[in-house]
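Throughout, protein chains are lettered first and strands after them, A, B, ... in sequence-line order, and every chain is numbered starting at 1.
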Amino acid sequence: MAETEAVALEQLPVDERLYRIRHSTAHVMAEAVLRIFPEAKVAIGPPIENGFYYDFDLPRNLTPEDLEQIEEHMRDIVAGDHQFIREVQSREAAAGLFADQPYKLELIRELPDDQEISTYTQNSFTDLCRGPHVDSTRRIHPKAFKLLSVAGAYWRGDEKRPMLQRIYGTAWENPKELRAHLEHLKQVEKRDHRRLGKELDLFSTHEEAGSGLIYWHPKGSRVRIAIEDYWRAVHREGGYEMLFTPHVGKAWLWQTSGHLDFYKENMYAPMVLDNAEYFAKPMNCPFHIMIYKTQMRSYRDLPLRWGELGTVYRYERSGVLHGLLRVRGFTQDDAHIFCTPAQIGDEIKEVLRFSLKVWDDFGFKQIKAYLATRPPKSVGDEDRWLTAQASLQRAIEDQGLDYELDEGGGAFYGPKIDIKIKDALGREWQMTTIQFDFNLPDRFDMSFIDSDGKEKRPYMVHRALLGSLERFFGVLIEHYGGAFPLWLAPVQALVIPVASAFDGYAREVAELLFRAGLRAEADLSDDRMNAKIRNAQAAKIPYMVIVGENEAQARSVSLRTRTGERSAGIAVDDFVRQMRDKVDSRAEI
RNA sequence: GCCAGGAUAGCUCAGUGGUAGAGCAGCUCACUCGUAAUGAGCAGGUCGAGAGUUCGAAUCUCUCUUCUGGCUCCA
């Protein structure tokens with residue numbers, strides 16, 4: 001039985017409309033590709049966020065010019081006003097239809113017996129597809145889609161299966177939305193932390209010195225120090241103690257922790273000293289446990305909240321390295337909480353409140369939590385899991401946080417809350433993780449003496465707020481597009497004399513700001529004032545302090561902010577005080 | 001790791017077989033200027049590394065390194 005999609009597109013919610021349009025555009029693209037390569041084998045072509053892709057097995061590799069040609073054919077097909085016709089097929093009929101399409105046959109073979117098999121046909125192309133689609137190709141606006149890139153992709157993501165060619169495209173309801181999306185992509189590129197890192201002289205990586213390893217330049221280090229100072233201050237208030245632990249540990253440690261059994265592929269190869277193997281640490285937890293075990297712990301000592309800015313090394317495959325966001329060496333803002341079963345509810349509540357405050361202070365206002373529960377293969381008593389999961393869930397609900405349940409998504413050693421933040425461009429980043437661990441306390445045989453005099457196992461929670469300083473810095477750069485809020489800016493104020501006759505006063509003003517703890521300097525180069533302002537603007541420096549004859553006379557300053565606001569005749573002392581207040585209150589500018 | 005595309009001056013990039021280019025940055029000199037680029041001059045490259053083809057290679061071929069975009073959002 002053949003039928004067209006009868007639903008009126010207009011009556012569907014926008015997500016559903018876009019889903020159908022993108023899905024249908026993928027089919028049109030497949031038809032276009034088959035026109036050019038009749039012998040092509042088609043794989044799968046789903047709609048994705050903002051667009052679609054389709055995987056093909058082709059006789060030769062695609063070039064960017066091919067994409068243009070494919071687009072031409074697509075526009076031609078779309079113009080034909082071809083209906084999308086759905087047909088339910090018997091298993092045999094479907095197998096017959098796709099006799100020369102091995103990927104489709106494999107999909108058909110793997111469909112459950114009771115599943116209805118359907119095909120969709122538009123014009124000359126029939127695809128195995130569950131739908132749904134738009135009713136006709138005329139629903140696809142010829143100027144509202146664009147093919148973006150070609151990429152290799154393994155059939156079913158499996159490295160052992162053939163590598164297919166994937167064409168990515170974006171599709172929208174109308175050309176205006178497409179333009180807006182392309183503009184968004186441009187914005188994303190402009191804010192790319194790798195680009196800004198170079199432009200603003202924040203950090204670098206060096207292939208000849210090892211990829212995936214970050215070098216923090218003076219300007220980047222200033223931001224990092226501002227982040228770390230803040231981080232230490234809030235942790236002090238939050239009742240945390242700070243630890244420093246070694247960067248390497250002997251095999252015994254990683255054997256005991258289980259890392260050598262389960263995490264070895266991600267660890268740097270061992271170095272041998274005195275016939276013993278030492279491994280660079282991929283995690284800080286075993287070291288913190290070593291400190292825990294240096295004494296007998298009483299329930300009166302708990303909870304213990306121990307934090308460390310711990311630098312860890314993990315092997316990542318070369319192809320996945322990416323700027324600051326995916327690296328091989330990074331500093332985690334790690335902490336471990338050891339507590340009694342009775343304390344766990346309050347501790348989790350507190351750690352969650354604490355992380356939300358930190359995100360708020362850094363200017364990230366859109367937060368979403370993901371609660372991951374026990375997976376089928378896992379360790380630990382059932383009641384511990386239940387207690388832990390309940391405390392996580394209660395904490396989320398207490399904070400009134402938007403959250404999703406990820407059933408069975410926890411680690412084998414415990415449930416967790418992951419927090420994702422949305423940046424200024426609406427992209428989600430997974431940063432914070434709050435994770436129970438029922439494994440390490442057992443493996444290291446940790447204990448505390450409870451009020452009843454009995455030895456008991458403490459609860460252990462891992463927690464990283466920012467995740468890693470490198471990755472967080474990358475996200476921060478992109479979130480602010482390099483225009484850091486005043487309290488984080490590498491240069492908070494730049495003093496600019498209108499002519500070199502006022503260099504002395506400029507230096508004096510900069511010195512006053514510097515002594516008040518501000519990151520301030522004077523631009524005494526022999527550029528003209530206008531050029532200095534331009535440079536400062538390009539460096540996204542929040543405050544440009546202009547001084548000349550009038551200011552030197554009156555011991556005042558004139559200002560220009562990077563947002564273009566101007567003011568004049570402010571007494572120097574007042575200005576220093578105002579700057580100090582703004583920095584202390586973490587004002588954006 | 002795999003697929004594709006890159007790698008040319010500090011940065012951004014042009015240069016498709018015949019003696020390496022531009023803009024910015026740097027340096028020197030002049031200019032002393034009131035809120036987004038003063039002018040002139042100078043210097044700067046084993047064209048990612050190695051091998052090959054050729055009278056001749058940044059350019060063609062091969063190998064390697066490395067960067068970028070991807071590599072189950074499942075018909």
Taken to the nearest whole Å, CE/A:Met163 to P/B:A4 is 8 Å

Do the charged groups of A:Asp192 and A:Arg194 touch, with an N to O distance under 4.0 Å? yes

Looking at B:C73, B:A37, B:C74, which one has an atom nearest to any side-chain atom of A:Ile44? B:C74

When you measure from the side-chain N and O atoms of A:Lys198 to the phosphate of B:U12, is any distance below 4.0 Å, counting only OP1 and OP2? yes

Would you kindly compare A:Gly323 and A:Arg317 by the position of their nearest RNA chain B nucleotide and give the one closer to the 5′ end? A:Arg317

Identified side-chain contact (heavy atoms from CB on, under 4.5 Å) counterpart of A:Leu185 within the set A:Glu183, A:Glu189, A:His181: A:His181

Considering only heavy atoms and no angle criterion, is a donor-acceptor pair shorter than 3.5 Å present between the side chain of A:Arg528 and the base of B:A37? no

Per atom distances to the A:Ile533 side chain, the nearest of B:U32, B:U72, B:U35 is B:U35

Are A:Arg555 and A:Glu508 within salt-bridge range, i.e. N to O under 4.0 Å? yes

Can you tell me how far C1' of B:C73 sits from CD of A:Glu404, to the nearest Å? 13 Å

Length of the CZ-C1' vector between A:Arg156 and B:C2, whole Å: 19 Å

If only side-chain N and O atoms of A:Tyr168 are considered, is one of them under 4.0 Å from the OP1 or OP2 phosphate oxygen of B:A4? no

Protein-nucleotide distance (A:Leu200, atom CG; B:A25, atom C1'), rounded to Å: 15 Å

Ignoring backbone atoms, test whether A:His322 places a side-chain nitrogen or oxygen under 4.0 Å from the OP1 or OP2 oxygen of B:G70. no

Polar side-chain contact A:Gln165-B:G70 base: donor and acceptor under 3.5 Å: no

Whole angstrom is fine here: how far is it from CD1 in A:Ile541 over to P in B:U35? 18 Å

OP1 or OP2 of B:G69 less than 4.0 angstrom from a side-chain nitrogen or oxygen of A:Arg194, does that happen here? yes

Please state how far atom CG in A:Asp527 lies from atom P in B:C33, giving the value in whole angstrom units. 16 Å

Salt bridge check: are A:Arg222 and A:Glu521 linked by an N-O gap of less than 4.0 Å? yes

Closest approach to the side chain of A:Gln537, judged atom by atom: which nucleotide of B:A36, B:G34, B:G69 is it? B:A36

B:G18 and B:G26, which share atom name P, separated by this distance in whole Å: 35 Å

Are any of the side-chain nitrogens in A:Arg20 or A:Glu16 under 4.0 Å away from the carboxylate oxygens of its partner? yes

Please give, in whole Å, the distance from B:G34 P to A:Phe502 CZ? 10 Å

Would you kindly give the CZ-to-C1' distance between A:Arg195 and B:C13, to the nearest whole Å? 13 Å

Please figure out whether A:Arg534 or A:Val547 has its closest RNA chain B nucleotide nearer the 5' end. A:Val547

